[in-house]
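FYI, side chains are in, hydrogens and waters are out, and symmetry mates aren't considered; it's all heavy atoms of this structure. Lettering follows sequence order; numbering is per chain, from 1. Nothing here was measured: the structure is a model prediction, and the numbers come from that model.
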2 protein chains.
Amino acid sequence: MVNRKEQIVNRATYCIKKHGYDSFSYKDLSDMVGITKATLHHHFPKKEDLGIAVCERIKVKFEDLTNQIDQLQEAKEKFIFLMENLPNELGEGDICPISSLQSEYNIIPASMQALITQLCNIEYSLLLDILEAGIADGSFKFSGSPESMAMVIITAYKGALQYSRAMNNDVIGTVVEQIFKLVLSNEEISLK
Amino acid sequence: MVNRKEQIVNRATYCIKKHGYDSFSYKDLSDMVGITKATLHHHFPKKEDLGIAVCERIKVKFEDLTNQIDQLQEAKEKFIFLMENLPNELGEGDICPISSLQSEYNIIPASMQALITQLCNIEYSLLLDILEAGIADGSFKFSGSPESMAMVIITAYKGALQYSRAMNNDVIGTVVEQIFKLVLSNEEISLK
DNA sequence: GTCTATACAAAGATAGAC
DNA sequence: GTCTATCTTTGTATAGAC
């Protein structure tokens, strides 16, 4: 059992990536975790409390990611690492939980909306810093500002995860590869 | 009253752009349209029937858009027009209904999933044709294939609409401007 | 086409025992 | 922490009258 709270948050995050916040229920979690709805309510009285915990957990994951990236030297290395790890641990057909909650932005509680805004800004800053470093050291080259390019990269990446669900081809692979072509000054890149 | 069915589909589309398919109810529509839930069920017996009608309507809108674009001469004109009209008639804070349904892909009926796939492909082909024409006549210039670039553009555009909800700055404006910089060979473009 | 009334299931949530 | 039992509200849907 170890840490039940953590286990619940994990399963809830899974549900948000698969089905969305409004579309999963305590009944679903009850089945997955193997405890009753009442027990779930003991740990997270309101669904909002659970939603907040999910967002906080993503925030921690971003801090981990930032630390990992800080250990890398070159902007190019950092960029490739980020592109491979932007949304934490996605399974086949999963979308980024942040994207999922953006879609449902108008129906989630204000407390969660504020956290989503924070997460978007953290993610954006993380990428922007890398782009600026890459421009500075000459390993990146693209039209427009690093700010604009960062927004295009994040939105394309997240959008690609969503499109992957409905399109047959490897949308996310195609998009990531194209992003590399648009950003790296040396176009001869083969990812993985 | 004119055409009640159409009116209902319009309102349902609105709800999907604002809240998502699973998160709006016949009660919501009842209040908006001013008829009872029972009457709504008379027009669209199951919610799935209404969902299908919404998708079919988007398909018609794409046909209209294609016709409008066919009347334009230059690839560049076509591209700008498409970028201004990709998702039909969005209000402030709306996301593209296709994106919304991609987020909920795992919970919508198979009939709707198939239609969403169709819509994604129609939209992609529309953009791809324009990019290929622009490359052919020299008005566009970018690294990578038109296929990859088309995917980046569509996913960034749709992703930007979602990010606009959570971020303060003008995400969609920034992204569209940056896309122009990445695609047009003459970088001196000011949109609108 | 539209209504009232109603059925039925699911969702979020609480009380109280163990 | 976990359970059984229960409550309340909402969502989808149907029956039958006007």
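- Residues Leu90(B) and Pro87(B) come closest through the heavy atom pair CD1-CG, 3.5 Å.
- dG12(C) atom P lies 8 Å from atom CG of Asp22(A), rounded to whole Å.
- Remark: P of dT2(C) and NZ of Lys5(B) are 11 Å apart, rounded to the nearest angstrom.
- Taking atom CG of Leu29(A) as the reference point, atom P of dA11(C) lies 11 Å away to the nearest angstrom.
- Contact check, Lys27(B) against dT12(D): no side-chain N or O comes under 4.0 Å of OP1 or OP2.
- Looking at Lys61(B) and Glu89(B), a side-chain N of the basic residue comes within less than 4.0 Å of a carboxylate O on the acidic one, giving a salt bridge.
- For Glu104(B) (side chain) and His19(A) (main-chain N/O), no donor-acceptor pair under 3.5 Å exists by modelled atom type.
- Both tests do not hold together for Lys76(A) against Phe180(A): distance to the six-membered ring centre under 6.0 Å, angle to the ring axis within 45°.
- Taking atom OH on Tyr21(B) and atom C1' on dG11(D), their separation rounds to 12 Å, with Å as the unit.
- Remark: Tyr157(A) engages no residue in a ring pair (Phe, Tyr, Trp, His ring centres under 6.0 Å) (not counting sequence neighbours).
- Residues of residues 35-44 of chain A having a heavy atom closer than 4.0 Å to DNA chain D, listed by number: Ile35(A), Thr36(A), Ala38(A), Thr39(A), His42(A), His43(A).
- If you measure from atom CD1 of Ile8(A) to atom C1' of dT2(D), you get 11 Å, rounded to the nearest angstrom.
- Note: NZ (Lys47(B)) to P (dA10(C)) measures 15 Å, nearest angstrom.
- Closest of all the heavy-atom pairs between Lys181(A) and Gly144(B) is CD-CA, 3.8 Å.
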